[in-house]
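Below you'll find the structure, written out as structure tokens, and then a few comments.
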Amino acid sequence: MESNNPEIEYDLSHLCVVYKNGKVERFIGTEIVPPLPADPETGVGSKDVVIEPDNGISARLYKPKPTNPGQKLPLLVYFHGGGFFVQTAFSPTYQPFLNSLAAQANVIIVSVDYRRAPEHPLPIGYDDSWDAVKWVVSHSGGNGEEEWLRDCADFGRVFLGGDSSGANIAHNMAIRVGSDGLDGGKLVGLVLMHPYFWGKDPIADETTDVGARTFQEKVWLSACPMSTGLDTCGSTR
């Protein structure tokens with residue numbers, strides 16, 4: 001008789017539990033909210049686009065209410081957090097924040113929805129994010145089908161940003177820009193909020209708590225099985 005309690009492969013509470021039968025049970029970051037033609041508080045419009053149908057890479061775009069028609073706005077490519085395992089570009093965690101950011105900074109935002117671990121272990125999330133960055137800048141010079149990018153974004157003022165694991169991704173994307181270039185765009189800034197970086201040996205004010213560090217190493221090794229520890233990662237090539 002088949003058991004009603006499948007055996008656990010690894011437990012990453014409070015993020016998720018992964019079972020040996022392949023099932024993934026996420027505890028947070030599962031809700032989604034729809035885009036809005038105009039946010040009632042900020043006037044920011046948002047919409048969803050598909051970047052790579054075959055891979056399921058998509059994004060939510062944000063455009064602030066025009067204050068100077070015809071003016072092209074700086075462009076922020078944003079990567080959500082969630083430990084590489086939870087949250088999406090469509091989570092209620094991010095919608096009000098990015099509405100507010102787009103309005104106050106007066107920027108176009110592309111919030112990337114990359115594939116997550118453990119179903120898609122790193123470096124897949126990095127490669128998805130790089131594909132998204134390249135898709136964004138392919139709209140420079142009046143090219144591309146997405147009018148908010150083609151007609152409204154200033155590709156001479158491109159920023160990368162993210163929080164937590166998303167900040168880790170943004171950092172890796174900046175490295176890729178440095179090594180591969182950004183054809184059609186100019187990267188002028190990097191915004192890292194509570195960036196998710198860990199190493200084998202604690203530095204500065206990083207915690208020395210054994211339990212906390214053990215958990216973070218478990219998260220990292222689960223997200224990036226090609227890694228051998230906190231100081232390494234699988235190739236993004």
Side-chain angles (χ1 to χ4, degrees), residues 6-30 51-59 77-89 111-135 160-182 187 190 192-203 206-207 209-237:
E7 192 174 354
I8 292 175
E9 179 76 24
Y10 51 88
D11 186 341
L12 298 178
S13 301
H14 63 290
L15 297 175
C16 65
V17 167
V18 180
Y19 297 93
K20 289 188 175 181
N21 64 6
K23 177 184 175 182
V24 179
E25 183 180 7
R26 291 181 168 87
F27 301 124
I28 59 173
T30 58
I51 295 174
E52 288 283 352
D54 293 342
N55 295 333
I57 309 170
S58 56
V77 184
Y78 191 86
F79 306 96
H80 69 81
F84 303 105
F85 285 89
V86 298
Q87 303 287 3
T88 74
S111 179
V112 177
D113 197 55
Y114 50 88
R115 288 175 288 177
R116 300 169 302 179
E119 299 94 331
H120 305 285
L122 294 174
I124 290 175
Y126 293 137
D127 293 335
D128 285 356
S129 298
W130 182 241
D131 286 342
V133 170
K134 291 189 294 182
W135 174 84
L160 301 174
D163 64 284
S164 192
S165 57
N168 176 295
I169 292 174
H171 168 79
N172 276 275
M173 295 306 98
I175 292 173
R176 289 288 289 265
V177 171
S179 62
D180 295 5
L182 192 64
L187 178 62
L190 181 64
L192 305 181
M193 293 177 285
H194 307 288
Y196 182 94
F197 295 112
W198 287 80
K200 181 179 177 181
D201 300 313
I203 61 173
E206 287 183 353
T207 183
D209 180 81
V210 174
R213 298 192 66 83
T214 299
F215 176 75
Q216 292 301 336
E217 182 160 18
K218 186 176 181 181
V219 169
W220 178 244
L221 290 172
S222 302
C224 188
M226 295 172 63
S227 167
T228 57
L230 289 174
D231 287 328
T232 64
C233 179
S235 171
T236 61
R237 297 293 181 179

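As a basis for the values below, the full set of heavy atoms in this structure was taken, side chains included, without hydrogen atoms, waters or symmetry mates.
Residue S164 comes nearest to G81 through the heavy atom pair CB-CA, 4.3 Å, listed as atom of the first residue, atom of the second, then distance. A174 and L190 get closest at one heavy-atom pair: CB-CD2, 4.1 Å. Here the closest heavy-atom approach between residue Y10 and residue P118 is recorded as OH-CB, 3.1 Å. Nearest heavy atom pair, residue S13 against residue F27, reads OG-CE1, 3.7 Å. Minimum heavy-atom separation, A167 to L192: O-CD2, 3.3 Å. Considering all non-hydrogen atoms of both residues, F85 and C16 come closest at CD2-SG, 3.8 Å.
Residue N168 holds its CG atom at 9.0 Å from CE of M173, rounded to the nearest 0.5 Å. Interatomic distance, H120 NE2 to F84 CZ, rounded to the nearest 0.5 Å: 15.5 Å. Between R176 atom CZ and L182 atom CG the span is 11.5 Å, to the nearest 0.5 Å. Distance check: K23 NZ to E9 CD gives 15.0 Å after rounding to the nearest 0.5 Å. To the nearest 0.5 Å, atom CD of residue E25 and atom CG of residue D11 are 9.5 Å apart.
With contacts defined as side-chain heavy-atom distances shorter than 4.5 Å, the pair V18/S222 does not qualify. For the pair E206/D201, no side-chain contact is recorded, criterion being any heavy-atom separation below 4.5 Å from C-beta on. Counting heavy atoms from C-beta outward, Y114 and I124 have side chains that stay 4.5 Å or more apart. Side-chain contact between N172 and W130: absent, with no pair of heavy atoms (C-beta onward) separated by less than 4.5 Å. Residues V24 and E119 are in side-chain contact: their nearest non-hydrogen atoms beyond the backbone lie under 4.5 Å apart. Using a 4.5 Å cut-off on side-chain heavy atoms (C-beta onward), I28 and L15 make contact. Looking at R213 and W198, their side chains come closer than 4.5 Å, going by heavy atoms from C-beta outward. Using a 4.5 Å heavy-atom cutoff, the side chains of I169 and Y196 are not in contact.
Counting only distance, with no hydrogens or angles, the side chain of S165 and the backbone of G82 share a donor-acceptor pair below 3.5 Å. Panel note: side chain N55, backbone I57; no donor-acceptor pair is recorded below 3.5 Å. Not a single donor-acceptor pair under 3.5 Å links the side chain of R116 to the backbone N or O of A223.
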For this session: Could you check D113 against H80 for side-chain contact (heavy atoms from CB on, under 4.5 Å), going step by step and ending with a plain yes or no?
Result: CA-CA 8 Å; D113 197 55; H80 69 81; 4.0 Å; yes
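Screening D128, D131, D54, D127 for a salt bridge (charged side-chain N to carboxylate O under 4.0 Å, His left out) involving R115 leaves a single residue, D128.
When the ring-ring contact (aromatic ring centres under 6.0 Å, His included) test is applied to F79, no partner is found at least two apart in sequence or on another chain.
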